[in-house]
Amino acid sequence: MAFFCQTDSYATELLTEVVSCSPAQLKTENGGKKETLSGYNVILKDTVLFPEGGGQPDDRGLIGEVPVHRVTRQGPEAVHFVSSLLDPGSEVLVKVDWNRRFDHMQQHSGQHLITAIADSLYGYKTTSWELGRQRSFIELDTPTMTTEQAEAIEQLVNQKIRQRVPVIVRVITTDDPEFNQVRSRGLPDDHAGPVRIIDIEGVDANMCCGTHVANLSDLQVIKILGTEKGKKNKTNLIFLAGERVLKYAARSYSVEKSLTALLKNGPEEHIEAVEKLQKSVKTLQKNNLTLLRDLAVLTAQSFKNSPDRSKIFSLHRKEGDNEFMNIIANEIGTEVSTVSSI
């Protein structure tokens with residue numbers, strides 16, 4: 001069964017019916033703290049909210065005025081977790097968080113395009129991918145990728161975007177001869193029914209359950225940030241698509257502007273200025289350590305030379321550390337029974 005969100009990824013709302021509503025719990029993590037929410041699992045006759053799958057996170061939205069905290073797929077059904085009870089049989093208007101949805105569409109379609117181009121140019125197969133909150137990565141089956149290769153991929157994917165290539169969603173059955181010809185990393189174990197094909201015209205055909213743009217021009221732009229070493233002799237290619245590129249540029253300019261004000265030089269000199277500061281800090285730390293050691297020796301000698309010294313040595317010094325006190329203890333030796341720092 002294809003949900004309404006898969007039939008029309010640009011749809012933002014749907015009038016539908018509540019099929020069932022049962023008590024449930026949802027485990028979440030907020031700021032590193034794990035929580036368990038009590039609420040209800042709701043199944044609708046159809047939904048405009050995409051359940052997580054195919055590497056794409058789930059949608060957020062509203063059922064009536066009730067926020068949807070999670071959408072998951074269980075067999076042919078989409079299960080919506082909400083905090084309020086909904087009456088089975090009631091008619092409800094479901095609305096999607098469009099900003100989140102469109103962002104996911106841009107990143108997911110961008111991944112399909114990069115995957116196809118990386119394969120066609122260099123034969124690098126995609127083994128997995130992750131749509132992150134800030135940036136996404138594609139795991140490629142290659143131990144290395146040169147800067148020139150990454151730049152060539154970026155250049156070609158953006159050329160395809162400028163060419164306004166259509167993206168067509170088709171549905172086929174598993175006994176269709178095309179089933180074994182399209183790109184796929186396998187179907188879920190509980191999959192049943194027809195299979196969706198995301199066809200980037202003349203570029204790629206790939207099995208996928210996710211939501212996608214209807215034309216590559218809706219991706220706006222793709223920026224490949226770089227690569228990093230992946231697992232088991234693979235390479236992670238890190239990328240941004242669409243609005244994320246614009247937000248990244250805005251953040252980068254804001255940071256650049258702040259650094260320019262702090263360092264009192266131009267952007268092209270920032271790295272050199274920071275390197276000089278790091279060297280200066282290391283030199284100052286080394287000099288400070290030498291002075292603290294000298295001070296520790298002098299402190300111990302002063303105590304030893306005091307005519308009315310006691311058997312207990314006590315000292316409070318904010319700048320001191322364990323090494324500072326150890327030097328004093330070694331200098332004093334066995335002449336006192338206790339050496340302590342307050």
Side-chain angles (χ1 to χ4, degrees), residues 1-31 33-109 130-131 133 169-175 184 186-198 207-214:
M1 170 185 173
F3 303 116
F4 187 66
C5 57
Q6 295 171 309
T7 304
D8 183 1
S9 296
Y10 289 82
T12 59
E13 60 183 43
L14 174 68
L15 192 63
T16 186
E17 182 182 318
V18 177
V19 174
S20 66
C21 181
S22 57
Q25 290 186 324
L26 175 67
K27 293 182 179 180
T28 64
E29 188 170 331
N30 187 10
K33 183 180 179 181
K34 294 183 178 180
E35 298 177 340
T36 299
L37 303 178
S38 295
Y40 302 89
N41 279 341
V42 175
I43 295 177
L44 304 172
K45 191 172 182 179
D46 200 349
T47 185
V48 75
L49 302 182
F50 176 74
E52 59 188 357
Q56 179 178 327
D58 55 331
D59 282 338
R60 294 290 183 270
L62 298 170
I63 300 178
E65 299 300 322
V66 179
V68 177
H69 301 290
R70 184 70 53 81
V71 190
T72 56
R73 185 180 66 86
Q74 294 182 9
E77 306 291 353
V79 180
H80 310 71
F81 181 87
V82 299
S83 55
S84 300
L85 181 67
L86 297 174
D87 295 327
S90 61
E91 190 176 65
V92 290
L93 181 64
V94 185
K95 297 181 180 180
V96 68
D97 178 341
W98 174 249
N99 289 334
R100 177 182 172 94
R101 157 71 68 77
F102 190 59
D103 171 56
H104 290 175
M105 289 166 61
Q106 288 186 317
Q107 309 316 309
H108 202 163
S109 296
E130 180 178 312
L131 199 167
R133 292 184 179 181
V169 178
R170 295 184 289 108
V171 177
I172 64 173
T173 59
T174 53
D175 58 359
S184 172
L187 294 172
D189 292 337
D190 60 350
H191 177 82
V195 176
R196 292 172 78 239
I197 306 298
I198 309 302
M207 291 185 206
C208 185
C209 64
T211 56
H212 289 272
V213 299

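Remember, predicted model here, so these are calculated numbers, not experimental data.
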**Asked** Per the side-chain contact (heavy atoms from CB on, under 4.5 Å) rule, which among Leu49, Val48, Leu44, Val94 passes with Phe4?
**Response** Val48
**Fill in**
In Val71, Val68, Thr28, Leu26, the residue satisfying side-chain contact (heavy atoms from CB on, under 4.5 Å) with Phe81 is Leu26
Qualifying residues under side chain to side chain contact (heavy atoms under 4.5 Å, CB included), relative to [X], sequence neighbours excluded:
X      : answer
Leu131 : Gln56, Pro57, His104, Gln107, Trp129, Ser136, Arg244
Pro67  : Leu62, His69
Thr36  : Gln25, Lys27
Ala214 : Tyr10

**Item:** Exercise: do Ser9 and His212 side chains pair donor with acceptor under 3.5 Å
**Value:** no
Measure across [X] and [Y] and return the closest heavy-atom pair with its distance rounded to 0.1 Å.
X      : Y      : result
Cys21  : Pro88  : N-CG, 4.2 Å
Cys209 : Gly53  : SG-C, 3.6 Å
Thr47  : Ala78  : CG2-CB, 3.9 Å
Gly210 : Cys208 : N-SG, 3.3 Å

**Request:** Return yes if some donor-acceptor pair links the side-chain N/O of Arg101 with the main-chain N/O of Asp103 below 3.5 Å, else return no.
**Result:** no
**Message:** Tell me if a side-chain donor or acceptor on Gln6 pairs with a main-chain N or O of Phe3 at a distance below 3.5 Å.
**Reply:** yes
**Prompt:** What pairs with His80 under ring pair (Phe, Tyr, Trp, His ring centres under 6.0 Å), at least two apart in sequence or on another chain?
**Reply:** none
Between atom [atom1] of [X] and atom [atom2] of [Y], what is the distance when rounded to the nearest 0.5 Å?
X      : Y      : atom1 : atom2 : answer
Ser20  : Asn41  : OG    : CG    : 8.5 Å
Tyr40  : Leu85  : OH    : CG    : 5.0 Å
Thr211 : Ile198 : OG1   : CD1   : 9.0 Å
Arg196 : Met207 : CZ    : CE    : 13.0 Å

For a quick test of your reading: what N or O donor-acceptor pairs under 3.5 Å do the side chains of residues 12-19 make, sequence neighbours left out?
unit_1, atom_1, unit_2, atom_2, d
Thr16, OG1, Asp46, N, 3.2
Thr16, OG1, Asp46, O, 3.3

**Other residues, nucleotides, ligands: >12 heavy atoms within 6.0 Å of Glu65 CD** = no
**Item:** Residues that Arg100 engages under salt bridge (Lys or Arg N to Asp or Glu O under 4.0 Å), provided they are two or more places apart
**Value:** Asp58
**Message:** I need the full list of side chain to side chain donor-acceptor pair (under 3.5 Å) pairs touching residues 85-98, with sequence neighbours left out, sorted by first then second residue.
**Reply:** none
